[in-house]
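What follows is one structure encoded as structure tokens, with my remarks underneath.
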Amino acid sequence: MRAEGKCLLPLICLGLAGCAGIDVRNDGQASAAPAAASAATADTPLYYKYGMSDGTPDAPVDPDRAVNDYRAAHGLPRLSRSPRLVAAAKAHASDMARSGTVGHVGSDGSSILDRVRAQGYDAARVAENAGWTARGFATVLEGWDESPSHRKTLRLREVTEYGIGRSGQYWVLLVARRK
């Protein structure tokens, strides 16, 4: 295997980590509903989007605007940007970048709910998309839209706020509704 192939192999496997959502029941217990994880391989279109680091970068887009434009285009209400969700998303994106993994469990074992609560956000509903790409946010958003589990998070009707975090080539989107 060529040296560049060895470097890409872990990233190819991490291309799409899936999305996870949590509903908090009235009794305060969290019920996690993780979606199936998807991994891109050289034979899938997602490999092109997530596995290739030498492709042309996306044109710059404002991720905040892109998420709300996406929702509006699908007949969904726009979400308000929450500084607390942004902080939780940024912290998790940084954690993923440090560990070189894409997923919903932090390197310290934290869950999505743990991370938003640590930022002082009392969620009744929270869901997360995570991803990696060398291309840019437009590619991340397109990849999430092409994945049924990620698309479900993007199109949740019962959420009112969002936060986007980035660290290098790692991205996290949190959507939520307060209690």
Exercise. Of all heavy-atom pairs between R117 and K179, which one has the smallest distance, and what is that distance?
Worked result: NH2-NZ, 4.3 Å
For this session: Find out whether R125 and R178 are in side-chain contact, i.e. whether some heavy atom of one side chain is under 4.5 Å from a heavy atom of the other.
Result: no
For this session: Could you give me the CA-CA distance, side-chain angles and deciding distance for I164 and F137, then say whether side chain to side chain contact (heavy atoms under 4.5 Å, CB included) is met?
Result: CA-CA 10 Å; I164 297 172; F137 189 74; 4.3 Å; yes
Exercise. Is there a donor in the side chain of T160 and an acceptor in the side chain of R177, or the other way round, less than 3.5 Å apart?
Worked result: no
Exercise. Is a side-chain N or O of D145 found less than 3.5 angstrom from the main chain of E142, in a donor-acceptor match?
Worked result: no
Exercise. Would you say the side chain of W132 lies within less than 4.5 Å of the side chain of W171, judging by non-hydrogen atoms?
Worked result: no
For this session: Report yes if some heavy atom in the side chain of I112 is under 4.5 Å from a heavy atom in the side chain of R115; otherwise report no.
Result: yes
For this session: Measure the spacing between CD of Q169 and CE of M96 and express it to the nearest 0.5 Å.
Result: 12.0 Å
For this session: Could you check if a side-chain atom of Y170 sits within less than 4.5 angstrom of a side-chain atom of V140, using non-hydrogen atoms only?
Result: no
Exercise. Is a side-chain donor or acceptor of S94 paired with a backbone partner of K90 at a separation under 3.5 angstrom?
Worked result: yes
Problem set entry | Minimal non-hydrogen separation, A123 against L113, with atom names | CB-CD1, 4.3 Å
Problem set entry | Considering all heavy atoms, the nearest A89-G163 contact | CB-O, 3.8 Å
Exercise. So, does D95 use its side chain to make a donor-acceptor pair with the main chain of S107 at under 3.5 Å?
Worked result: yes
For this session: On the 0 to 90° scale, with breaks at 30° and 60°, tag the W144-H150 ring pair as parallel, tilted or perpendicular.
Result: parallel
Exercise. Which pairs, with at least one residue in residues 59-88 and sequence neighbours excluded, count as a ring pair (Phe, Tyr, Trp, His ring centres under 6.0 Å)?
Worked result: Y70-H74
Exercise. Taking only residues two or more places apart in sequence, or in another chain, which ones meet Y121 in a ring pair (Phe, Tyr, Trp, His ring centres under 6.0 Å)?
Worked result: none
Exercise. What's the spacing between R98 CZ and S167 OG if we round to 0.5 Å?
Worked result: 7.5 Å
Exercise. Linking I/L/V/M/F/W/Y whenever their side-chain heavy atoms sit closer than 4.5 Å, directly or via other members, would V86 and V61 fall into one cluster?
Worked result: no
For this session: Report the residues that fulfil side-chain contact (heavy atoms from CB on, under 4.5 Å) with R78, sequence neighbours left out, ordered by chain and then residue number.
Result: N68, D69, A72
Exercise. If you measure from CG on L156 to CG on L76, what distance do you get to the nearest 0.5 Å?
Worked result: 9.0 Å
Exercise. Side-chain contact, heavy-atom cut-off 4.5 Å: L154 with R71?
Worked result: no
Exercise. Looking at side-chain heavy atoms only, is the closest gap between E128 and T153 below 4.5 Å?
Worked result: no
Problem set entry | Student check: side-chain heavy atoms of L174 and V126 closer than 4.5 Å | yes
Exercise. For A130 and G103, which heavy atoms make the closest approach, and how far apart are they?
Worked result: CB-O, 4.1 Å
For this session: State, yes or no, whether a side-chain contact exists between V175 and E161 at a heavy-atom distance under 4.5 Å.
Result: no
